[in-house]
Amino acid sequence: MLRVDFGVLGEICAWADGRAIELGPARQRSVLAALLVKVNQPVSLDQLTDCVWGEDPPRRPTATLQSYLSRLRTSLPAAWDGGIRRSGGGYLLRADESAVDLHRFHDLRDRARASDDATAERLYEQALDLWRGEPFADLDTSWARAQRHVLQGERLAARLAYHDVRLRRGGHAALLGTLESLAAEHPLDERPAAQLILALYRSGRQGEAFQQYERIRKRLAADLGVDPGPDLRLLHHQMLTAAVAPAHAEPAPAPTPPPAGVVVPRQLPAPPPVFVGRPRELATLDDALTGDGGDRVAMISAIGGYGGIGKTWLALYWAHHHVDRFPDGQIYLDLRGFDAANAPMPVETALRLLIGALGADPAAVPRRPEEQTALYRSLTARKRLLIVLDNARDTAQVVPLLPGTPSCTVLVTSRNQLPGLIAGHDARHVPLDVLDAAEARRLLLHHLGPERIDAEPEAVAALVERCAGLPLALSIIAARALMSPWLPLASLAEELREESTRLDALDAGELSADLRTVFAASYRALEPEAARLFRLLALHPGPDLPPPAAASLMGTDARRPMAGLVRAHLVTEQAPGRFALHDLLRDYAAERAYAEDSEAERDAALRRLLDHYLHTAHAAALLFYPNRRAIQLTEPLAPGAVPVVPRDHRQAADWLAAESQALLWAVRRAADAGLATHAWQLAWSLADYLNRQGRWQDILTTQQAALEAARDQGDLVGQCRAHQTIARTQLRLGRHDDARVQLDHALDLSTRLGDLALQARANHSLTMVFSAQERHGEALAHAQRALELYRDLGDKSSTADILNSVGWEHAELGHHREAIDHCEQAVALYESLGDPYGQAAALDSLGYALHRAGDHDRAAGRYRHALRLFREVGDRVEEAVCLVNLGDTHRSAGDEAAARREWQAALDILDELDRPGDDPVRSRLAARLGRTGDR
């Protein structure tokens, strides 16, 4: 397979199997650089504009960006399996992160931080060897300069960490020259100064080491008015007392043995037998250990920090790798904040255990808690202790257990966020998320071994997906597999497939290996309203939800209970105002909902949620397509439902984009619940948005669900609406006969109903079907009948639509004067209605009529006007169709080069949208460009 590599740590470069790729001018390379920094993540057009031009963009930055993107796609090899793709409101570069030097640098650096010194030295060397010079060296934009500043800081930090490793491994002599240069480049940075001083001292140049210390001390005093920091002062003290061996490679002075009779606690439980991932979290803890001031409390918490995320394992893994930093001992205490079988440990009990661990006579321990705290702080004063407080319930349980001296380090794990510890004691928050797929597979590999993993790769992939990155779930499944070596992994994967039984499969027979029991401990600690919201969240299927949806589930303000769920790490605020529930927690929430809430309560919550989506989606749809003939919502709003009223087109589009997955589910859920009106009206509200996104299969799925529900309930209006929308979508996909069948049903139903508006719409749609089948006489007849009905109804928007269709059919029949006249009427009517989308469609038809009449210059002008409007409204499909038509006009005018340029631009758009190879527009392009298939 062809390999393409990219570089930004120097000039912007790309290589295909080692051969350089020409990337074009600087601004085009800026576009590529922005995509590379966020490889495999969408970058919005606004972000790209800022990256390329900063505060001085051109008048039409989007068109220029699309030109740059098109040329970049052309420059990248066609045989490569990556590429630049349209995503949401922007673009992304799909590539292996290891193929981008910046991300490879980050990965090597993070792995080095979590490795032993021998491995870390090799990884740091590989990471630093990737640098070819200043990052983004050939770009001079404000964005590039900001990125360059950040990355240069990261490079310096990696160099310093590498030097620390080399010094611990005895490389002081070889580093001297490098450290002298680095200290000179950063004269006020204490870390390279300390490294140089240590290297000089260990190389037998003690006098120069003391001179170097004095030099940095005076420089700090003169330039900044400060003394050296504690680490540099400690090194100076160690040199004065000969605690640093001058000619050896010891990483740190051996701890002085404690006086006779002094207790040195060594209470850490065994380190985790299997540990994967967490390089960033380990690095954050390293930084907390070397930080200044405060109580130096490092708090391990978790995003979605439910039990099983790996908080305790992270704490113990880190602690065991740093025991040499705490010569006065390591104390471990399980506070039982969320224990499945015991109540949380009282503060008085915890203090007695801590005091006892420090060697105090139990008989001498005072009874009053404040006196116990005072004694505890006296015993810890000036000692270098590590204290691990595991499984804390809340801040109040922890604060009395904090030493009063900065020489101690405390690790606190909790399923709650403990904001009081962060705000009041300067705790470092180390959030934990689930493992990614590669880390999850590696965890299973450690447990089960390569032979069993390699024997069933598909089953392993299913286990990884269905355990959703939760370490405890993966470990439980691994334990079950180990206990039953004859059991195929595919059987375990099948047990996890069904949501209703998934938690049963994640029970290995003991409290500590039962995911349901672990979740229950967090659930029982919730306040009643937070517990109720947690249960009701199981009714919401989307990837996340906003506060109004949560309030609709509750039937009341949900902000306080939602905040409680976030603090308990049962819900994650993964973006401002967007709250998510882990898949396995959703299964548990559903169990609790069916156990504790009545069917009536669940049905009422579902009805409120569906009303929230229906009324908001309907309002958004009318803003999204302002001149669309509205439907009347016939179902009253349920008490407690909280719809949102978007302010404008942009807010409506943003809401539809954020909620589209939940809306697809809402249609299906309403149909299953027998709420036919909700089903078809939700489907109607969603159709225009999905159509403009080119998501036609989603339209067919939702409309079919709505149609079935309407049939079951005998709702003729809902059936008619669904048939019409299905027909138009099938027409989009070139399925003309299927569309005709749907419209025959729609026309029959609308006639039975006596609904002139639905009859007009059915005739309008039949116009489109017959036109697509090139039966233009029949198409014109249906169009004229629809025009008559729309005018009788006074429906100006639909009148404009059908005027456009009448003009098109006249053009196809060679009636040039009539075609131009009707299309111009449509353009004028759309303009008076303030409908840029309709105006663009009519201008496209007018361009076609003028083209057929032989007036190529005027036709090209109308097409270009239409293109501007299609781009403004964001209809990429119609933009591509219009580009094809403009290309056809250029060819008819004799300009073959211009024609091929427009056709290629259209094909680029269809490639971004991943349109299928049998798409009719693509087929037209293939014929014009002399191709037989997809690019």
Side-chain angles (χ1 to χ4, degrees), residues 533 536-537 539-559 562 577-579 601-693 698-699 702-703 705-707 709-710 713 715 717-718 720-722 725 757 797:
L533 176 58
L536 293 177
L537 288 177
L539 297 174
H540 187 280
D544 53 23
L545 82 165
S552 296
L553 280 168
M554 291 279 287
T556 186
D557 189 348
R559 286 175 294 183
M562 183 66 82
R578 306 293 305 186
F579 299 92
E601 288 172 325
R602 296 195 304 272
D603 287 347
L606 176 63
R607 171 61 188 272
R608 291 191 298 268
L609 181 64
L610 291 175
D611 275 2
H612 158 78
Y613 278 121
L614 173 57
H615 286 261
T616 307
H618 181 258
L622 297 182
L623 281 169
F624 194 71
Y625 193 171
N627 293 305
R628 183 181 186 186
R629 187 178 181 87
I631 59 172
Q632 184 69 35
L633 299 184
T634 55
E635 296 289 338
L637 186 67
V642 185
V644 176
V645 182
R647 291 189 301 270
D648 52 30
H649 175 277
R650 170 50 56 195
Q651 193 176 70
D654 289 345
W655 185 88
L656 287 165
E659 298 292 345
S660 62
Q661 286 303 114
L663 287 165
L664 294 175
W665 163 87
V667 175
R668 180 73 265 172
R669 191 68 182 85
D672 291 343
L675 300 172
T677 303
H678 280 77
W680 77 256
Q681 291 183 344
L682 273 164
W684 179 92
S685 301
L686 192 54
D688 274 339
Y689 171 77
L690 294 175
N691 182 55
R692 291 197 190 179
Q693 294 290 311
D698 284 337
I699 296 177
T702 54
Q703 294 294 333
L707 176 60
Q713 299 297 317
D715 186 335
V717 174
C720 187
R721 293 279 189 183
T725 307
S797 178

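Quick caveat: nothing in here was measured; it's all calculated off a predicted structure.
The shortest non-hydrogen separation linking A709 to A676 is O-CB, 3.4 Å. Residues P547 and F579 share a closest heavy-atom pair of CG-CE1, 3.9 Å. For the pair A617 and L663, the tightest heavy-atom approach, listed with the atom from each and the gap, is CB-CD2, 4.0 Å. Looking at every heavy atom in both residues, A705 comes nearest to R668 through CB-NH1, 3.6 Å. Here the closest non-hydrogen pair linking W684 and A621 is CZ3-CB, 4.4 Å. Taking every heavy atom of both residues into account, A687 and Q703 meet most closely at CB-NE2, 4.2 Å.
Residue H618 holds its NE2 atom at 4.5 Å from CD1 of I631, rounded to the nearest 0.5 Å. How far NE2 of H678 is from CZ of R669: 12.5 Å, rounded to the nearest 0.5 Å. The CZ atom of R721 sits 8.0 Å away from the OG1 atom of T725 when rounded to the nearest 0.5 Å. A distance of 6.0 Å separates CG of L537 from CG of L545, quoted to the nearest 0.5 Å. A distance of 11.0 Å separates CG of L533 from OG1 of T556, quoted to the nearest 0.5 Å. Note that the CG atom of L553 and the NE2 atom of H612 stand 9.0 Å from one another [nearest 0.5 Å].
In this structure, the ring pair (Phe, Tyr, Trp, His ring centres under 6.0 Å) partners of H540, at least two apart in sequence or on a different chain, are Y613.
Contact of the T702 side chain with the L682 side chain is not registered, since no non-hydrogen atoms from C-beta on lie closer than 4.5 Å. You'll find the side chain of T677 stays beyond 4.5 Å of the side chain of L614, heavy atoms only. In this structure, the side chains of L623 and W655 stay at 4.5 Å or more apart for every pair of heavy atoms. Side chains of D698 and L686 form no contact here, defined as non-hydrogen atoms less than 4.5 Å apart.
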Report task. Please lay out, stage by stage, how L609 and L536 fare under the test side chain to side chain contact (heavy atoms under 4.5 Å, CB included). Result -> CA-CA 10 Å; L609 181 64; L536 293 177; over 6 Å; no
Let me check something: any side-chain donor-acceptor pairs from residues 643-654 under 3.5 Å, sequence neighbours excluded? List them with distances.
unit_1, atom_1, unit_2, atom_2, d
D648, OD1, R650, N, 3.3
D648, OD1, Q651, N, 2.8
Q651, OE1, R647, N, 2.6

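Of the charged side-chain nitrogens involved, at least one lies within less than 4.0 Å of a carboxylate oxygen, so that D611 and R607 count as a salt-bridged pair. Salt bridge annotation for D688-R692: absent, with no cationic side-chain nitrogen under 4.0 angstrom from a carboxylate oxygen.
Remark: side-chain polar atoms of Q681 are paired, donor with acceptor, to backbone N or O of Q632 under 3.5 angstrom.
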